Amino acid sequence: MRKSLLALAIAGLFSSTVMAAAGNDATTGVTTDTTTGTTASHLCLPEDFGGKADGKTLNTSAIQQAIDKCAAQGGGEVRLSKGLWLSGPLQLKSNIMLNITADATLKADNREQNFVAAYIGRPTQANEAFILANDAQNVMLTGSGTIDGSGKELWWDEALEVRAAVKSGNTAEFEKRFPNVKLANGMPRPWLIEFNNVEGGMIYGLKLQNSPMWNVVIRNSKEVGVDSVKISAPTDSPNTDGIDIVSSNRVHVENVEIFTGDDNIAIKSGVDQGTAEPSQNILIENSVMHAGHGISIGSETANGIGAVTVRNTTFDATENGIRIKSARDRGNKIGPLEVSNVTMENVSTPILVTFSYAGNSGAAGLGLVEPLERQEVTPTTPYVDGVHINELKATGANIAALLSGLPESIVHNVVLENVYIESKLGIQARYVDGAIINTRIEASEGEPIVRGPDYRMREAR
């Protein structure tokens, strides 16, 4: 993994017409990158097509025409100046930088009913995200402004009603309205930002809020960075994952801050084998995860998850810290996972690895250390080889760690090294091998380690 995809973008991944916009000259229409001194001669403004940042005008056509104009010229910057820009769904194109400047907000407006629901298990379609880059190269979303998905105004209330009905056992209406959609998906809605089949992409500096559903979706893409982005949604907002990385390669997330109602970051590869590529070579670093479900690998892992690294990251009151979640119907090879230099405060379960995931967001209901019935190994049996957690400190936890494989598929090579966890219950472990080195668990209501069947962890100072 290269040091920084942002640095890669500045160095030349993006064409000379798409730059990080360290300096803007609105008079001449020239964008200058002060790092490299290169310029972009194509500046396209929605105002030239009747756009108005007045909080009343619907600017979908004006913004899209500005994007299309720059694309026709080979690329360039589309700039949104100060004000409130209302818009329907937009499509980014190759070699385009959409620059949302300070004090500018781009806000979703569905008065024309053009948005459509997004589904993780089907090909990308137009208008399934507020901002969609599909089959594109060298695209960038940047600036210090805000993208607002209008989730509360347009989508959350209905989604919460559907969730309540499903939880009460009334699934018939959901299945009628959304055939072939898994209940765990929640009510399908648009995503905020989607990069699909993008090579060379960057999201930098923006504030993202009130997403209809998932905030940032990176799927079937490679060489994508997310840097210095703040994502926020209330803790009770439905299915508002911060960043979802799906079947993508070489993704770098750094300097992000995420408050959300679901996974802060989720790494997936689909629930049906043979339908997508694995997700692999993913680096997450120098970030803060606030309210949410933590950093998750899974649960849709049927096409495999390759190397994932998480380092220099803080977790503040998330439900989980680092989590691998899979199940017998959606597994494949997962790992290695490398975690280093992380701190967690008031995180319910700092470390969770389970092959018995059934839709629970946390460790509750996962059986902990009771024996499981052995089943035949199938192509979708999950298999983990390599989880190395080094220099982790957690206080205020409920369960220190849950390590739970299957009788037919042990979780292999788990190493907890230089770990300190203060919790109510200690490590709960079954069907796992590896080592515990220089690690201290202070469990106030039980043993530091509860050893279930087929526990093979070597313990040493």
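Since the structure is predicted, the reported quantities are computational estimates derived from the model, not experimental observations. We number each residue from 1, following the sequence as shown. FYI, side chains are in, hydrogens and waters are out, and symmetry mates aren't considered; it's all heavy atoms of this structure.
Ring pair F259/H290 is parallel by interplanar angle, where below 30° counts as parallel and above 60° as perpendicular.
Between the S211 side chain and the M213 main chain, a donor and an acceptor come within less than 3.5 Å of each other. Judged by distance alone, the side chain of T101 and the main-chain N or O of L80 form a donor-acceptor pair under 3.5 Å. Put simply, the side chain of T313 gets close to the backbone of R311: a donor and an acceptor are under 3.5 Å apart. Panel note: side chain E345, backbone G396; no donor-acceptor pair is recorded below 3.5 Å.
Under 4.0 Å is where a charged nitrogen must lie from a carboxylate oxygen, and between D54 and K56 no such pair does. Salt-bridge formation is not detected for the pair D272/R330: no Lys NZ or Arg NE/NH1/NH2 atom is positioned less than 4.0 Å from an Asp or Glu carboxylate oxygen. For the pair E158 and R177, the salt-bridge criterion is met [side-chain N within less than 4.0 Å of a carboxylate O].
Here L92 contributes atom CG and F195 contributes atom CZ; the two are 6.5 Å apart, rounded to the nearest 0.5 Å.
Screening residues 119-186 for disulfide bond (SG atoms under 2.5 Å apart), with sequence neighbours left out, gives no hits.
For N413, the side chain to side chain donor-acceptor pair (under 3.5 Å) criterion is met by D385, not counting sequence neighbours.
Looking at H412 and Y383, their side chains come closer than 4.5 Å, going by heavy atoms from C-beta outward. Counting heavy atoms from C-beta on, the side chains of H388 and P336 never come closer than 4.5 Å.
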